[in-house]
2 protein chains.
Amino acid sequence: MTDTAPRPTLEAVAARAGVSRATVSRVVNGGDGVRDVLVERVRKAVEELGYVPNQAARSLVTRRHDAVAVVVAEPETRVFADPFFALQLRGISKELTAHDNQMVLLLTEGRDDHARVGRYLAGGHVDGALVFSLHLDDPLPELIQRAGVPTVFGGRPGWRGDRRGVVYVDSDNRGGARDAVRHLAGLGRTRIAHITGALDQTSAVDRLDGYRDVMVDADPRLIAEADFTPAGGERAMRELLEHCPDVDAVFAANDLTASGALRVLRESGRRVPEDVAVIGFDDMLPLAEQADPPLTTVRQDIEEMGRLMARLLLRSLDRGTPHGDGAQGVGGTPSSVVLPTTLVRRASA
Amino acid sequence: MTDTAPRPTLEAVAARAGVSRATVSRVVNGGDGVRDVLVERVRKAVEELGYVPNQAARSLVTRRHDAVAVVVAEPETRVFADPFFALQLRGISKELTAHDNQMVLLLTEGRDDHARVGRYLAGGHVDGALVFSLHLDDPLPELIQRAGVPTVFGGRPGWRGDRRGVVYVDSDNRGGARDAVRHLAGLGRTRIAHITGALDQTSAVDRLDGYRDVMVDADPRLIAEADFTPAGGERAMRELLEHCPDVDAVFAANDLTASGALRVLRESGRRVPEDVAVIGFDDMLPLAEQADPPLTTVRQDIEEMGRLMARLLLRSLDRGTPHGDGAQGVGGTPSSVVLPTTLVRRASA
DNA sequence: GAGGCGCACGAGAGCGCTCTCACCACGCGG
DNA sequence: CCGCGTGGTGAGAGCGCTCTCGTGCGCCTC
């Protein structure tokens, strides 16, 4: 099993095909400007020798790696327990694969890891980085900026540093939240509560802001803080029921939280949606669909966000399009994108 | 933001420190056999110039990358929806990080992807590979073997090829299943059903075998095939209720499946565990704990499996231990490991 | 038929690093 | 006093690839 078989080099292929290294290189990289006869001969030699180019050598001269880092800055177990990341990763993976780029996953937990990530990015192993789930006090963006690696963020980074050139992909969290709350109001609900997400993330803050946009003079007791988890949702819901037993609607910061809230409402003997209408956020399947009752929620296309992040990054690396040097992009920094959300009506509101 | 700043090279550092490239290299790689004065001078120069070694150049000569590929051969959405992978990945990530190795994630969906993965591994981008979730007909192991990359599999590969040198980490699926079924029998249950996992994976087959070990002459109608998903569990449970309304216990191939079964049992008006006892597999938290009723299940330490996979791989690359050339390993191929399982009693059985 | 042009290919110079080996200056024993 | 080891350093040869240039040849043009 252990290799030992010394990989054939370009040189070897050249010798076998009776051409120069340069020609083999040309063939391997597309074969433009080489006569068909030679192309064929080289191909054959490559085949016979089982030649595979040595990436390290190639990168050394091209200064490209065809790899991007995906940095997930989630300190908790949540990282994957939350399907959110999974979906984004899938989107990213698909897009990168389609452009023959590899994905280097960097999971960080804790401060030392940040330094490690910074070093890695600065080390020039990858052509760019996709960064997720930033928290307000996160030192990562600065490290990355210093590393000088083209980067696209997932979610608007809530970060006070130099914003120039910062590119991100986000959902219209605030607009989606407004839609949700308006929908609840449209149902005639008046005591509309909000269970927030982790407020050190901009998505949670934005959704809260959207709630406030509609509920201008909301009873502050109608806002309960949670953290995007089912357990947090339960806790917050209990709190709400205690302080405001007359609550008749809940807009939860995400579906996970909503599912926790549903459980508590059920326990308390309240009917959903008759007594309390509930709306989530994400439209996380199958969670939302199979909730009891099925959850009305604000959908965001998470996989598409991932795909878009990758696409923006690749474009800024000048490889998004077959040959992106035509007119528009010219490898210029693309700008951030905010994706729309849609309200999905099910039984819970 | 866009780089442009040409990275300083070893040469530059050497010039600034007034030493040779070789000396700088020595310092950068540990600094053995260099006088402290020079070490200090070089360190200073590195600092001032912000020098970071070029990995491509280094790999070119050392033939090491300090990176391993993690191949997830799951064609379906399950890849991450199932916390199983998430946990393994965490374990892997931790272990790799601890040894300064990077993780290159390769998600495959479909046949073409296999070729891609094969090419990638053969390309010598990584020092080794960790491969998951193989299905019986999967061409991947063979491709990998041919690529000559040291590999550790997650779960026993069910594969008819050359088994020599195949290293894997697995749980004692069969033993765990036996424990579960024996437990049910110990409760006095006699009509014990089994809902299988996806039978193209060895873990599902092994659990079925464990079930059969105990239920030697089981009514074949007590075995319903599913696929490790909640939806599959529901389907299988409905089937079981139809064919064997007298079923009084169910051993499901994993917790996800069990949760589906629980739902159907509840719908059918049966009480768990009074009418039907249920046992799952995995002890996936919080799913198992928060199920209604909390799920009795067979625990396997998934994160540890991941960690172990990484450790075995690193050891076979001769970097597991500070200097693994002591007595035992000597970089020799380590052997496979099968981890024990434990039955966790909760309310459902 | 001579000159020019362009196309296909080869020669060779690096990319930034590691590593072997030769070298030099000591200090020591014979 | 000479030779020999020894530990610290530098010179230089690659690692396997890409890419620029230069060269030779066929073809077109006049």
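Every chain is numbered from 1, with letters handed out A, B, ... down the list of sequences.
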What is the separation between atom [atom1] on [X] and atom [atom2] on [N], rounded to the nearest whole Å?
X      : N       : atom1 : atom2 : value
R41(A) : dC9(C)  : CZ    : C1'   : 12 Å
R7(A)  : dG16(D) : CZ    : P     : 11 Å
L10(A) : dA11(C) : CG    : P     : 14 Å
D32(B) : dG7(D)  : CG    : C1'   : 13 Å
E11(B) : dT18(C) : CD    : P     : 13 Å
D66(A) : dT18(D) : CG    : P     : 12 Å
R64(B) : dG16(C) : CZ    : P     : 22 Å
L38(A) : dC7(C)  : CG    : C1'   : 13 Å

With respect to the phosphate group of [N], does any side-chain polar atom (N or O) of [X] fall under 4.0 Å of OP1 or OP2?
X      : N       : answer
R35(A) : dA8(C)  : no
S25(A) : dT18(D) : yes
T9(A)  : dG16(D) : no

Could you go through R16(B) and E48(B), starting from their C-alpha distance and side-chain angles, then the distance that decides it, and tell me whether this counts as side chain to side chain contact (heavy atoms under 4.5 Å, CB included)?
CA-CA 9 Å; R16(B) 179 162 197 121; E48(B) 289 169 355; 2.5 Å; yes
If you measure from the Lys or Arg side-chain nitrogens to the Asp or Glu carboxylate oxygens, is any gap between R43(B) and E47(B) under 4.0 Å?
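Looking at R43(B) and E47(B), the cut-off is not met.
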Quick one: do E40(B) and K44(B) make a salt bridge, cutoff under 4.0 Å?
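Salt bridge: no.
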Where each residue is assigned the nucleotide of DNA chain D containing its nearest heavy atom, which of V34(B) and N54(A) is assigned the position nearer the 5′ end?
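Closest to the 5' end, via its nearest nucleotide, is V34(B).
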5'-most contact on DNA chain D (nearest-nucleotide basis), V19(B) vs L60(B), goes to V19(B)
When you compare the side chain of V19(B) with that of R41(B), does any pair of heavy atoms fall below 4.5 Å?
yes
Any side-chain heavy-atom pair from L10(B) and Y51(B) closer than 4.5 angstrom?
yes
Is there a donor and acceptor pair closer than 3.5 Å between the side chain of R21(A) and the base of dT18(D)?
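Yes, the side chain and the base share a sub-3.5 Å donor-acceptor pair.
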Counting side-chain heavy atoms from C-beta on, which of dA11(C), dC17(C), dC17(D) comes nearest to V61(B)?
dC17(C)
Would you indicate which nucleotide in dG16(C), dC19(D), dT18(D) comes nearest to any side-chain atom of A22(A)?
dC19(D)
Sugar-phosphate, base or nothing in reach of R26(A), heavy atoms under 4.0 Å
base
